[in-house]
Amino acid sequence: MPRNDDKNKKMEHNPLTVMYDEHDVIVKAEKVIENLANTWENNPEEYADKVKKLVEFFREYADGYHHRKEEEVLFPAIKDHPDFVLQDILDEFETHHEDFREYAAEIIESVNDEDFATSYKVLKQYINDLRDHIAAENDELFVLAENLMDENQLKNIYFKFMDIDMELGEERKKEFEKLISSWV
């Protein structure tokens, strides 16, 4: 994951650091999912509860906090930059976000139907696709954004990100981060 750590350290309000940090939290869910394998056989209620909480995390944290920042702030800033010409890449990332929303709905539907094996299969597909998506954003999109934007543009994006966190609730975000960390 190429991060321009020198620039990140020099710049106090770098929105890409926020993106990388949120990605780090989101990928922790992979270990949680691995630990859920076949647990429904011995305790279906506990499995269902944990999966519902995971989907809540994906919907509120990954989609609500993180994808919202990308879709409402970062993507438009990149798209509007005069040197940006790769619209297809942004369209692809937005399509991925829609796919993730569909995965979440399918997982909940399977859990509610007590089809735990299917819910787990979809969870595994979700996290695999999410990891690929995160790697592409880290390796391509965020590097591109950092190269396109000057420090003032990046600071502006950062403060818009902070506005989203405040609107959605900074404490709620921290609760999700602690929850995922406590499960791994």
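In what follows, every heavy atom counts, from backbone to side chain, and hydrogens, waters and symmetry copies are set aside.
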*Exceeds 12 heavy-atom contacts within 6.0 angstrom, atom NZ of K121*: no
*Are any of the side-chain heavy atoms of I107 and K52 separated by less than 4.5 Å?*
no
*Should the pair Y47 and F116 be assigned to parallel (<30°), tilted (30 to 60°) or perpendicular (>60°) ring geometry?*
perpendicular
*Which of these passes salt bridge (Lys or Arg N to Asp or Glu O under 4.0 Å) with K69: D165, D163, D21?*
D165
_Distance (rounded to the nearest 0.5 Å) between N138 CG and H133 NE2_ = 9.5 Å
*State which residues pass side chain to side chain contact (heavy atoms under 4.5 Å, CB included) with D80; sequence neighbours excluded, sorted by chain then number.*
none
*Residues in salt bridge (Lys or Arg N to Asp or Glu O under 4.0 Å) with E98, at least two apart?*
R101
_Contact between I108 and N112 at the side-chain level, heavy atoms closer than 4.5 Å - yes or no?_
yes
*asked:* Would you say that H66 contacts E137 through its side chain, given a criterion of any heavy-atom pair below 4.5 Å between the two side chains?
replied: yes
*Heavy-atom distance under 4.5 Å between the side chains of E102 and E106, does that happen here?*
no
_Once rounded to the nearest 0.5 Å, what's the spacing between atom CZ of F84 and atom NZ of K79?_
8.5 Å
*Which atom names give the shortest non-hydrogen contact between A29 and I180, and what distance separates them?*
N-CG2, 4.2 Å
*Do you know the tightest heavy-atom contact between A104 and Y126?*
N-CE1, 4.4 Å
*List for me each residue that meets side-chain hydrogen bond (donor to acceptor under 3.5 Å, both in side chains) alongside Y103, sequence neighbours excluded, and say none if there are none.*
D129
*asked:* To the closest 0.5 Å, what do you measure between OG (S119) and CD (E109)?
replied: 11.5 Å
_Residues in side chain to side chain contact (heavy atoms under 4.5 Å, CB included) contact with E177, at least two apart in sequence or another chain_ = V25, Y61, K173, K174
*Any chance you could lay out the side-chain contact (heavy atoms from CB on, under 4.5 Å) test for F93 and H67, step after step, and finish with the verdict?*
CA-CA 10 Å; F93 287 128; H67 293 159; over 6 Å; no
_Within-4.5 Å side-chain heavy-atom neighbours: E70 and H97_ = yes
*Quick one: does I157's side chain get under 4.5 Å of M149's, heavy atoms only?*
yes
*Would you call R59 and E56 a salt bridge, using N to O less than 4.0 angstrom?*
no
_So that I can tick it off, tell me whether D24 and K28 are bridged by a salt bridge, with the cut-off set at under 4.0 angstrom between side-chain N and carboxylate O._
no
_Return the CD to CG distance between E92 and L141, rounded to the nearest 0.5 Å._
10.5 Å
*Examine distances only and state if a side-chain atom of N147 and a backbone atom of V143 form a donor-acceptor pair shorter than 3.5 Å.*
yes
*So, Y65 side chain and G169 main chain: donor-acceptor pair closer than 3.5 Å or not?*
yes
*Has the side chain of S181 got a donor or acceptor atom that lies under 3.5 Å from a matching backbone atom of K178?*
no
*If you measure from CZ on R68 to CG on L168, what distance do you get to the nearest 0.5 Å?*
5.0 Å
*With sequence neighbours excluded, tell me which residues meet side chain to side chain contact (heavy atoms under 4.5 Å, CB included) with K124.*
I33, E34, Y120
_side chain to side chain contact (heavy atoms under 4.5 Å, CB included) partners for N128, two or more places apart_ = E30
*Are the side chains of L130 and V27 in touch, meaning some heavy atoms are under 4.5 Å apart?*
no
*Working to the nearest 0.5 Å, report the span between CZ of F161 and CG of N14.*
9.5 Å
*Is there a donor-acceptor pair closer than 3.5 Å between any side-chain N or O of Q153 and the backbone N or O of D150?*
yes
*Could you state whether M166 and V73 fall into the same hydrophobic cluster, counting links through intermediate Ile, Leu, Val, Met, Phe, Trp or Tyr residues with side-chain heavy atoms under 4.5 angstrom apart?*
no
*F100 ring center within less than 6.0 Å of F58 ring center*: no
*H81 side chain to L148 main-chain N or O, any donor-acceptor pair under 3.5 Å?*
yes
*Are any of the side-chain heavy atoms of N35 and W183 separated by less than 4.5 Å?*
no
*Taking D113 for the side chain and D115 for the main chain, is one N or O donor matched with an acceptor at less than 3.5 Å?*
no
*Between I134 and R131, is a side-chain contact (heavy atoms from CB on, under 4.5 Å) present by the stated rule, with each step listed?*
CA-CA 5 Å; I134 286 171; R131 283 196 59 86; 5.7 Å; no
_Check this for me: E94, atom CD, are more than 12 non-hydrogen atoms of other residues, nucleotides or ligands nearer than 6.0 Å?_
yes
*Are F142 and H23 close enough that their ring centers fall under 6.0 Å?*
yes
